Amino acid sequence: NVGHLLTSSLLQTGALQVVNQDERLNLPLQNLSDTLNTAMTSVRDSVHDLHADSLDMKKALENLLRPITGYEIEFSYECFHEPGKEIRYAFIAISKEAVNNIRKHSNATRIQIRVREHPAFYQLSIADNSTDIKPIRDTGIGLANMRERIENLGGNIHFSTEHGFRILISVMKGERT
């Protein structure tokens, strides 16, 4: 989406440069074009990094949590082997969705994310300490997407509202590790 918006902005800026008759606007238009090109390059690099096999899940989760303020953050990562690409992407995407949900819909003051490697499976646990919890409707888009991602990996996902909202995910090691 951002890439499309930047492309559109670049095209519009180029068109303005062509029809511009005020020499005072030449430098500002060129600066705008340069800035948009730099932004486009940055977006391309970011997208490439997301698709790279070398995506570091621990670092991605730390980067997700780092800018969050107003919450007590607990993060633990206990993996001796980096999970396969599909598991990493699923765990990162689900963590982003869960953190966004906590921030938008919860009265929580604590966010906890744990990633663990067990002999036969990888586990992701996301929890908050919210007290104003509505009944779980995993027919909602966010929770349904989480369930679909994990089921596509042959894993299990469980939602709980006991002592806050919790998500527990297990994905067996194997082909996708």
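Because the structure is a prediction, the values reported are computed rather than measured.
In this structure, a donor-acceptor pair under 3.5 Å is present between the side chains of T109 and N129.
By the 4.5 Å heavy-atom criterion applied to side chains, S95 and I126 are counted as neighbours. Side-chain contact between R103 and I68 is present, with at least one heavy-atom pair separated by less than 4.5 Å. Residues Q123 and V115 are not in side-chain contact: their nearest non-hydrogen atoms beyond the backbone lie 4.5 Å or more apart. Side chains of L143 and I157 form no contact here, defined as non-hydrogen atoms less than 4.5 Å apart. With contacts defined as side-chain heavy-atom distances shorter than 4.5 Å, the pair E86/L153 qualifies. Put simply, the side chain of R110 does not reach to within 4.5 Å of the side chain of D128, judged on heavy atoms. The shortest side-chain heavy-atom distance between F121 and N156 does not fall under the 4.5 Å cut-off. Side-chain contact between I169 and F91: present, with at least one pair of heavy atoms (C-beta onward) separated by less than 4.5 Å.
A donor-acceptor distance shorter than 3.5 angstrom exists from the side chain of N107 to the backbone of T131, with no hydrogens or angles considered. Using a distance-only test at 3.5 Å, with no hydrogens or angles considered, a donor-acceptor pair links the side chain of S9 to the main chain of L5.
With K96 as reference, I92 is the one residue of V99, I94, I92 to meet the side chain to side chain contact (heavy atoms under 4.5 Å, CB included) rule. The side chain to side chain contact (heavy atoms under 4.5 Å, CB included) test with F75 is passed by exactly one of R66, K58, R114: K58.
In this structure, CG in N100 is found 12.5 Å from OG in S106, a value given to the nearest 0.5 Å. The distance from the CE atom of M57 to the OH atom of Y77 is 3.5 Å, given to the nearest 0.5 Å.
In the hydrophobic cluster analysis, where Ile, Leu, Val, Met, Phe, Trp and Tyr join through side-chain heavy atoms closer than 4.5 angstrom, L32 is grouped together with L6. There is no path of hydrophobic side-chain contacts, each under 4.5 Å, that joins L25 to L11.
Under the 4.0 Å criterion applied to side-chain N and carboxylate O atoms, E117 and K173 are assigned as salt-bridge partners. D22 and R24 are joined by a salt bridge, as a carboxylate oxygen and a charged side-chain nitrogen come within less than 4.0 angstrom of each other.
Here the closest non-hydrogen pair linking G142 and E97 is CA-OE2, 3.4 Å.
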